[in-house]
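What follows is a set of notes on a single structure, which appears directly below.
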Amino acid sequence: MKNNQIFSCPIEAATKFIGGKYKTIILWHLVNETLRFSELQRVVPKATPKMLTQQLRELEADGLIKRVVYPVVPPKTEYSLTTLGQSLIPILEGLRNWGAYYFEELGIPNPCVDKEKTKIHKS
C-alpha cells in the first residue's frame, strides 16, 4: 500500500482508493466470497479484460484485495478482500442501499433484486 500520498481530507483519500470506474463493483462482489478472474468478468461485464486487470492491480497495490496465483496449467488466480478491504463493507452496503433507494424513488425496477438479497443475507 502506498503511504506517502498527501490528501486534503478523508473523503479525498477514500474516493482515491474506491473511486475507479469498476472498483466499488469489484469490491462489492468480493464481499463474502473469493472469485476467479473469469467470475469477475461475468459480474462486471462492461469492463474489458484490460480495464478489469488494471482495476484489480490498483486494488491490490492499495491493499484492499489479495491475489493468489496457483501454479497450475492453465494458471488459476483468485481474488478476495483483505482485512483493510473488509473494512469497506459498511460503506459498500451504504452505497448499495442508496442505489436501491434511488431506483425506488424514480420507480425504476432494481435490476439486482435477487442478487442483492443473496449478498445481504450472506453478510
Side-chain angles (χ1 to χ4, degrees):
M1 181 166 44
K2 306 166 197 165
N3 292 326
N4 60 348
Q5 298 180 49
I6 299 172
F7 300 104
S8 59
C9 73
I11 292 291
E12 180 184 4
T15 57
K16 188 274 181 211
F17 296 108
I18 65 171
K21 189 166 186 175
Y22 300 108
K23 288 181 181 179
T24 53
I25 298 167
I26 293 166
L27 291 166
W28 177 251
H29 286 290
L30 292 176
V31 170
N32 297 321
E33 59 188 334
T34 297
L35 296 176
R36 294 177 66 178
F37 185 84
S38 60
E39 294 169 317
L40 284 165
Q41 282 184 300
R42 266 187 246 115
V43 297
V44 189
K46 293 181 181 179
T48 64
K50 180 181 176 183
M51 177 58 78
L52 183 58
T53 298
Q54 178 184 336
Q55 299 281 277
L56 288 166
R57 285 182 182 160
E58 289 176 12
L59 288 166
E60 182 182 17
D62 291 334
L64 299 177
I65 66 170
K66 177 178 147 185
R67 178 174 68 107
V68 177
V69 180
Y70 295 94
V72 295
V73 177
K76 176 182 170 184
T77 307
E78 293 182 339
Y79 298 89
S80 59
L81 293 179
T82 61
T83 301
L84 184 61
Q86 290 172 356
S87 71
L88 290 167
I89 292 172
I91 295 165
L92 296 168
E93 288 175 340
L95 287 169
R96 190 223 61 89
N97 291 341
W98 186 88
Y101 170 76
Y102 171 82
F103 286 142
E104 186 178 313
E105 283 296 304
L106 296 180
I108 300 170
N110 183 338
C112 301
V113 170
D114 293 333
K115 294 176 197 170
E116 296 301 323
K117 285 180 184 172
T118 301
K119 181 72 71 179
I120 291 169
H121 291 305
K122 285 183 178 179
S123 298

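What's counted below: heavy atoms across the whole structure, side chains too, no hydrogens, waters or symmetry copies. What you are looking at is a predicted structure, and each value in this text was computed from that prediction instead of being measured.
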Residue pairs passing the side-chain hydrogen bond (donor to acceptor under 3.5 Å, both in side chains) test with at least one member in residues 39-54, sequence neighbours excluded, are Gln54-Glu58
Residues passing the side chain to side chain contact (heavy atoms under 4.5 Å, CB included) test with Ala100, sequence neighbours excluded, are Arg96, Asn110
The salt bridge (Lys or Arg N to Asp or Glu O under 4.0 Å) partners of Arg67 (sequence neighbours excluded) come to Glu60
### Message
side chain to side chain contact (heavy atoms under 4.5 Å, CB included), that's the test. Do Leu30 and Tyr79 meet it? Break it down for me.
### Response
CA-CA 8 Å; Leu30 292 176; Tyr79 298 89; 4.2 Å; yes
Ile25 meets the side chain to side chain contact (heavy atoms under 4.5 Å, CB included) criterion, sequence neighbours left out, with Tyr22, His29, Val44
Residues pairing under side-chain hydrogen bond (donor to acceptor under 3.5 Å, both in side chains) where one sits in residues 6-15, two or more places apart or in two chains, turn out to be Ser8-Glu12
The reported gap from CD1 in Ile65 to CG in Leu84 (rounded to nearest 0.5 angstrom) is 12.0 Å
So the salt bridge (Lys or Arg N to Asp or Glu O under 4.0 Å) pairs with at least one residue in residues 80-90 (sequence neighbours excluded) are none
Heavy-atom nearest pair, Thr34 first then Ser80, reads OG1-CB, 3.5 Å
Report task. Verify the neighbour count for atom CD1 of Ile11: are there more than 12 heavy atoms of other residues, nucleotides or ligands below 6.0 Å? Result -> no
CG (Leu81) and CG (Leu88) are apart, to the nearest 0.5 Å, by 8.0 Å
Checklist entry - Do side-chain atoms of Thr82 reach the backbone of Leu64 as a donor and acceptor pair under 3.5 angstrom? => result yes
Residues at least two apart in sequence or cross-chain that pass ring-ring contact (aromatic ring centres under 6.0 Å, His included) with Tyr102, listed by chain then number, are Trp98
As a quick check of understanding, evaluate side chain to side chain contact (heavy atoms under 4.5 Å, CB included) for Trp28 and Leu95, giving each step before the final call. CA-CA 10 Å; Trp28 177 251; Leu95 287 169; over 6 Å; no
Here the salt bridge (Lys or Arg N to Asp or Glu O under 4.0 Å) pairs for residues 73-86, sequence neighbours left out, are Lys76-Glu78
Between the CG atom in Leu92 and the CG atom in Asn97, the distance rounded to the nearest 0.5 Å is 11.0 Å
The complete set of salt bridge (Lys or Arg N to Asp or Glu O under 4.0 Å) pairs with one or both residues in residues 98-110, sequence neighbours excluded, reads none
